[in-house]
Colleague: 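Take a look at this one; I'll ask things after.
Here is how names work: the chains are called A, B, and so on, in the same order as the sequence lines, proteins then strands, and each is numbered from 1. Keep in mind that this is a model prediction, so the values were computed, not measured.
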Amino acid sequence: MSDNPYSTPVLAWYESHARDLPWRRPDASPWSILVSEIMLQQTPVVRVLPAWNAWMERWPTPADLAREPSGEAVRMWNRLGYPRRALRLHACAVAITEEHGGRVPEDHATLLSLPGVGSYTAAAVASFAFGQRHAILDTNVRRVLARAETGVQYPPKTQTKAETALAESLLPSAPSVAARWGVAVMELGALVCTARTPACADCPIAHQCAWRLAGKPAYDGPPRRGQTYAGTDRQVRGRLLAVLRDSAHPVPKGALDVVWDDHVQRERALDALVSDGLVDPLDDGRYALPG
DNA sequence: CATGCGTGGGG
DNA sequence: TCCCCAAGCAT
């Protein structure tokens with residue numbers, strides 16, 4: 001069963017160290033797994049857990065969410081960040097309900113056609129929910145492979161063809177093993193082979209890791225671009241949307257104006273929110289979450 | 001293909 | 001304090 005040099009130790013490690021996350025339990029529905037994957041995009045597990053629990057309690061099936069206004073999804077999203085994901089998840093629920101008989105599609109290409117579902121998420125749902133054989137290549141896996149195989153501290157900033165090819169070449173042949181392998185490598189990256197201070201002493205493949213065997217050379221290249229936030233449109237958008245989320249009713253323009261001094265930037269951010277469908281400008285001049 | 005898109009916790 | 005980063009996607 002050791003289709004690649006890492007699978008046996010990594011799978012064994014996963015058996016004894018995997019976190020007991022609710023969307024990994026045997027009774028987790030494909031919908032609940034899709035919800036978890038959208039929420040987990042760029043968002044840590046600890047912050048997703050309570051949001052996922054509340055979401056699944058309120059909308060246990062796609063149809064439950066599809067019959068709500070999209071603004072309710074945005075409100076429920078609360079402060080998870082990147083609220084367009086809430087809109088897309090709502091759009092997923094509508095598409096699944098109206099075009100797929102209320103069931104999360106199993107086919108990778110069909111999953112890919114859903115709003116907010118890209119290459120990673122489609123593979124993750126196909127693999128984790130339906131046991132199919134797909135390469136899982138997220139930020140965790142990219143980092144593990146960069147170190148173990150390529151011998152560098154960090155993967156490239158943007159995903160390359162070479163990384164995709166490498167991930168596919170390592171995929172165990174049996175679908176059930178491949179699915180297990182995918183989640184196991186992810187977990188290794190999340191818990192042991194972390195970005196800042198990897199716990200190589202706890203790593204099941206440390207003795208095979210090209211980066212460690214090379215003496216853990218420091219990242220050599222251009223400074224990795226940090227995300228700025230303070231003073232950006234993103235911060236303004238966040239503040240504007242927070243006003244609407246926290247209000248049970250539509251708000252007058254003045255309630256939005258007070259959250260940011262720079263008039264030009266504030267208007268630009270508000271226009272963008274409207275354009276994104278996150279904010280609904282009412283005929284009476286007030287603003288609300290979309291209906 | 002580089003960039004924009006939230007938020008909060010930890011080093 | 002700052003800075004980095006966290007299961008990406010769409011354009």
Colleague: Atom CG of A/Asp276 to atom P of C/dA10: distance rounded to whole Å?
Modeller: 13 Å
Colleague: Between A/Ala122 and A/Ala195, who's closer to the 5' end of DNA chain C by nearest nucleotide?
Modeller: A/Ala195
Colleague: Taking the nucleotide of DNA chain C with the closest heavy atom to each, which residue, A/Tyr154 or A/Arg88, is nearer the 5' end?
Modeller: A/Tyr154
Colleague: Please tell me whether A/Trp31 and A/Trp59 form a close aromatic pair, meaning their ring centres lie under 6.0 Å apart.
Modeller: no
Colleague: CD1 of A/Ile38 versus C1' of C/dA6: gap in Å, rounded?
Modeller: 16 Å
Colleague: Where the side chain of A/Arg196 is concerned, which of B/dG9, B/dT7, C/dA6 is the nearest nucleotide?
Modeller: B/dG9
Colleague: Under 4.0 angstrom, heavy atoms only, what part of the nucleic acid is A/Leu21 near: base, sugar-phosphate, or nothing?
Modeller: base
Colleague: Do A/Arg266 and A/Asp257 sit within salt-bridge range, that is, some charged N less than 4.0 Å from a carboxylate O?
Modeller: yes
Colleague: Which whole number of Å gives the distance between the P atom of B/dG8 and that of C/dC9?
Modeller: 23 Å
Colleague: Between C/dA6 atom C1' and A/Glu187 atom CD, what is the distance in whole Å?
Modeller: 14 Å
Colleague: A/Arg143 side chain N/O closer than 4.0 Å to the phosphate oxygens (OP1, OP2) of C/dA6?
Modeller: yes
Colleague: Identify whether any heavy atom of A/Arg84 sits under 4.0 Å from a base atom; if not, whether one sits that close to sugar-phosphate; answer base, sugar-phosphate or nothing.
Modeller: base
Colleague: Using atom CD of A/Gln41 as one end and atom C1' of C/dA7 as the other, report the distance to the nearest whole Å.
Modeller: 8 Å
Colleague: Taking atom P of B/dG6 as reference, at what distance in whole Å does atom CG of A/Leu80 sit?
Modeller: 12 Å
Colleague: When you match A/Arg239 and A/Thr158 each to their closest nucleotide on DNA chain B, which lands nearer the 5' end?
Modeller: A/Thr158
Colleague: Check this for me: does any side-chain nitrogen of one of A/Glu37 and A/Arg85 sit under 4.0 Å from a carboxylate oxygen of the other?
Modeller: no
Colleague: With a non-hydrogen cut-off below 4.0 angstrom, is A/Thr139 in contact with a base, only sugar-phosphate, or nothing?
Modeller: sugar-phosphate
Colleague: So, A/Glu187 and A/Arg24, do they make that salt bridge, N to O below 4.0 Å?
Modeller: yes
Colleague: Any Lys/Arg nitrogen of A/Asp27 or A/Arg25 sitting under 4.0 Å from an Asp/Glu carboxylate oxygen of the other?
Modeller: no
Colleague: Under 4.0 Å from OP1 or OP2 of C/dG8: is there any side-chain N or O of A/Gln42 that close?
Modeller: yes
Colleague: Tell me what A/Val141 touches on the nucleic acid: a base, only sugar-phosphate, or nothing, going by heavy atoms under 4.0 Å.
Modeller: nothing
Colleague: For C/dC9, take OP1 and OP2 only and decide whether either is under 4.0 Å from a side-chain N or O of A/Thr121.
Modeller: yes
Colleague: Do A/Lys253 and A/Glu267 meet the salt-bridge criterion of a basic N to acidic O distance under 4.0 Å?
Modeller: yes
Colleague: Verify the contact: side-chain N or O of A/Arg47 to OP1 or OP2 of C/dA6, cut-off strictly under 4.0 Å; return yes or no.
Modeller: no
Colleague: Tell whether A/Arg234 reaches the base of B/dG6 with its side chain through a donor-acceptor pair below 3.5 angstrom.
Modeller: yes
Colleague: Let me spell it out: for each of A/Thr197 and A/Arg85, pick the nucleotide of DNA chain B with the closest heavy atom. Which residue's pick is nearer the 5' end?
Modeller: A/Arg85
Colleague: Round to the nearest Å and state the distance from A/Asp233 atom CG to B/dT7 atom C1'.
Modeller: 16 Å
Colleague: When we call it a touch if two heavy atoms are under 4.0 Å apart, what does A/Gly118 touch: a base, just sugar-phosphate, or nothing?
Modeller: sugar-phosphate
Colleague: Expressed as a whole number of angstroms, how long is the span from A/Leu34:CG to C/dC9:P?
Modeller: 11 Å
Colleague: Could you tell me whether A/Trp23 contacts a base, only the sugar-phosphate backbone, or nothing, with contacts defined as non-hydrogen atoms closer than 4.0 Å?
Modeller: base
Colleague: B/dG4 and C/dA7: how far apart are their P atoms, nearest whole angstrom?
Modeller: 22 Å
Colleague: B/dG8 C1' sits how many Å from A/Trp77 CH2, rounded?
Modeller: 15 Å
